> 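Let me give you the structure first, and then I'll get to my questions.
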Amino acid sequence: MMIGETFSHGLSGVLANKLRSALTVLGILIGVAAVIVLIAVGNGSSQAVAASIQKLGTNAILVQHGSFRFGGFGGGNASSVQRDLTIDDAQAILSSTNAPDVQAVAPVKQDQGVSCTWNGNSYSTNLTGTWPSYFQISNYPVSQGTYFTNADVVSGARSIVIGQTVVTQVYGTHNPIGTTLNCGGTPFQVVGVLGAKGSSGFTDLDDVAIAPLTTVQHNLTGYGSLGSIAVEATSADSATAAQNEIYTILDGRHATSAASRDYSVINQSSILSTSQSTNQVFTVLLGAVAAISLLVGGIGITNIMLVSVTERTREIGIRKAIGANRRTILSQFLVEATLLSVVGGVAGVVIGLLVSRFQIAGVQPVILPVSVAGAFLVSVAIGLFFGSYPANRAASLRPIEALRHE
Amino acid sequence: MNDSTQRPVFTLSQVTKSYGMGNTTVHALRGVDLTVDHGEYLAIMGASGSGKSTMMNIIGALDVATSGTYELDGIDVGSLNDDALSLVRNRKIGFIFQSFNLIPRTTALANVELPLAYRGVRRKERRQRAEQALAAVGLDDRSSHEPNELSGGQQQRVAVARALVTNPAILLADEPTGNLDTVATNDVLNLLDATHRGGSTIVLITHEDEVAQRASRVIKLRDGQIYSDERNR
Ligand SMILES: Nc1ncnc2c1ncn2[C@@H]1O[C@H](COP(=O)(O)OP(=O)(O)OP(=O)(O)O)[C@@H](O)[C@H]1O
Ligand SMILES: [Mg+2]
């Protein structure tokens with residue numbers, strides 16, 4: 001028999017029981033769509049995390065005052081003195097010949113919850129005192145006005161650069177450049193406005209005000225330990241090397257070792273890779289759940305084909321009596337099963353692509369093309385695989401028994 | 001008798017058929033010897049349960065004998081596998097059943113085309129031959145009807161067309177008129193007569209003497225054995 005013929009026999013078998021076929025197709029459809037959508041959700045969330053880390057600057061390394069210790073009670077360094085993180089530390093990292101992978105350094109002193117007021121509007125934000133290099137390290141370009149300069153840092157100028165959240169909260173639609181913003185009792189002149197960055201996790205990256213370090217220390221925080229030192233590596237690839245150079249320099253200056261450090265160094269690119277591998281696990285899990293539903297859809301095909309073979313036993317007997325051989329019967333039922341799964345697969349791909357256009361659980365799904373191709377091919381394979389048992393059963397029916405079947 | 005000079009179309013020698021095992025074994029055929037020549041019109045009669053259908057299924061290569069040999073056109077059918085049996089049925093035999101056995105939800109024309117399709121005949125030629133066969137049984141105006149849109153007599157005529165479309169050497173009919181009224185019975189029997197005149201060998205199972213009258217030879221079965229074998233005229 002010709003292929004077209006086998007196909008049209010299979011098709012008429014599928015159409016003979018429309019509702020039943022539709023429900024079987026639905027099983028495959030749900031499986032395929034679930035695979036595509038869930039993998040897209042996993043992929044989307046991993047891309048979102050990567051993007052939000054990217055916003056903080058992948059080359060960025062943060063040296064923080066105090067140590068983070070995991071495990072163990074009491075910290076284990078009761079005897080050691082906690083040295084301050086100082087501007088000299090920052091200078092040392094910047095000027096050391098032992099730090100070839102460090103590109104820029106900015107000491108940071110933060111005052112949290114500083115109330116800033118202009119024209120009677122007030123808003124409480126985090127005031128960061130630092131060097132101009134901070135803008136580059138933390139990936140904060142200005143969208144309006146300028147940065148403050150190194151000269152401003154030296155002279156303790158009362159210049160300030162503010163983020164979009166502060167602008168909308170305090171100024172509304174008024175242009176803030178040139179105005180005097182009173183923060184924590186000190187009048188600052190607004191010289192620049194930062195471009196919008198959105199949020200990273202729960203942190204609003206636009207809720208900031210940045211001023212020269214000396215000004216903030218002199219007027220607000222005093223001259224104690226720095227909160228942190230922001231460091232920029234020459235590239236994302238050299239971040240780990242730069243991190244080790246910082247350890248060497250600061251361990252020398254603080255007389256500490258890996259076990260007794262009174263500071264910690266956080267490397268954004270290592271956070272990025274950790275979070276990416278967590279997300280990969282997450283994506284694989286989602287995909288596995290979806291694959292199970294596809295498997296269940298496949299079992300649905302076996303089930304319905306077995307019913308169909310039983311129902312049509314007599315018909316199979318007639319066909320064999322008038323000369324159909326094993327292969328003819330086998331291919332008729334295989335085509336039928338594969339038709340069900342292919343229709344389900346195509347519809348599943350369409351539905352999957354449609355659903356992935358919408359946000360799901362706060363995540364914008366990002367389609368992984370290989371998941372679309374994979375889910376479709378698997379659905380076709382499922383038709384062949386799960387259809388082969390019932391088809392074989394039909395093909396090996398003895399004609400005389402099949403004819404006697406009621 | 002000049003029959004003896006003719007080549008037999010099929011021969012059964014010491015054929016037995018039993019169903020089941022142990023105490024419950026049913027011996028449906030207990031040693032049947034029968035030789036049928038080309039062009040014979042054979043009627044098989046006998047009480048219900050005497051083994052008529054069992055014998056016809058063996059003749060039609062739908063089933064194989066438990067012991068003994070069955071030769072069809074010189075081929076030992078007992079030695080063939082499933083697919084070879086399908087091929088033999090397709091090439092040499094046409095079946096007509098008491099219960100019509102048309103494929104449901106499939107038009108009369110497609111039903112008649114089916115044996116040709118399994119034989120690999122091209123669509124165009126197939127269609128043409130199927131239309132001719134339907135015309136020969138007087139149903140050319142019903143070719144696009146499905147079985148459930150046809151009367152019993154019409155369904156049986158479609159079945160006759162399907163059996164004849166391949167010009168089989170042997171036409172087997174198991175009580176073909178059992179479910180039909182007199183008019184439809186006559187239609188079908190006249191078609192069989194015409195086929196016989198065309199040179200085919202016909203084997204027909206029947207309970208009715210008037211039907212058996214049309215045959216050239218009548219055998220009677222009792223308890224799985226032939227007890228009478230007569231030639232008409
Ligand atoms: N598949 C089977 N399994 C067990 N016994 C069977 C089977 N087919 C037939 N028989 C038995 O074989 C015997 C012959 O049956 P067969 O169908 O050949 O009778 P028959 O002469 O055609 O009868 P009828 O005129 O009623 O059609 C019967 O006793 C029947 O019960
Ligand atoms: Mg019978």
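As a basis for the values below, the full set of heavy atoms in this structure was taken, side chains included, without hydrogen atoms, waters or symmetry mates. Remember, predicted model here, so these are calculated numbers, not experimental data. By convention in this document, chain letters (A, B, ...) are assigned in the order of the sequence lines, proteins followed by strands, and residues within each chain are numbered from 1.
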> If we define contacts as heavy-atom pairs under 4.5 Å, which of A:Arg314, A:Arg398, A:Arg312 has the most with chain B?
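The answer is A:Arg314.
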> Would you say that B:Ile219 contacts B:Lys52 through its side chain, given a criterion of any heavy-atom pair below 4.5 Å between the two side chains?
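Result no, sub-4.5 Å side-chain heavy-atom pair not found.
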> With a 4.5 angstrom heavy-atom cut-off, is it the side chain or the backbone of A:Arg319 that approaches chain B, or both, or neither?
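It is both, since atoms from each part get that close.
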> So for B:Ile93, is it side chain, backbone, both, or neither that comes closer than 4.5 Å to the heavy atoms of chain A?
neither
> Would you call A:Glu401 and A:Arg404 a salt bridge, using N to O less than 4.0 angstrom?
no
> Do the charged groups of B:Arg119 and B:Glu113 touch, with an N to O distance under 4.0 Å?
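Salt bridge: no.
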> Please classify the contact between B:Arg162 and chain A as side chain, backbone, both or neither, with a heavy-atom cut-off of under 4.5 Å.
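The answer is the side chain of B:Arg162.
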> Which of the residues B:Pro115, B:Ala110, B:Ala61, B:Ala84 is involved in the greatest number of heavy-atom pairs with chain A at under 4.5 angstrom?
B:Pro115
> Using heavy-atom distances under 4.5 Å, tell me whether B:Asn57 contacts chain A through its side chain, its backbone, both, or neither.
side chain
> Measuring only between side-chain heavy atoms, which start at C-beta, is A:Phe333 closer than 4.5 Å to A:Ile316?
yes
> Is the closest side-chain heavy-atom distance between B:Val15 and B:Ser67 below 4.5 Å?
no
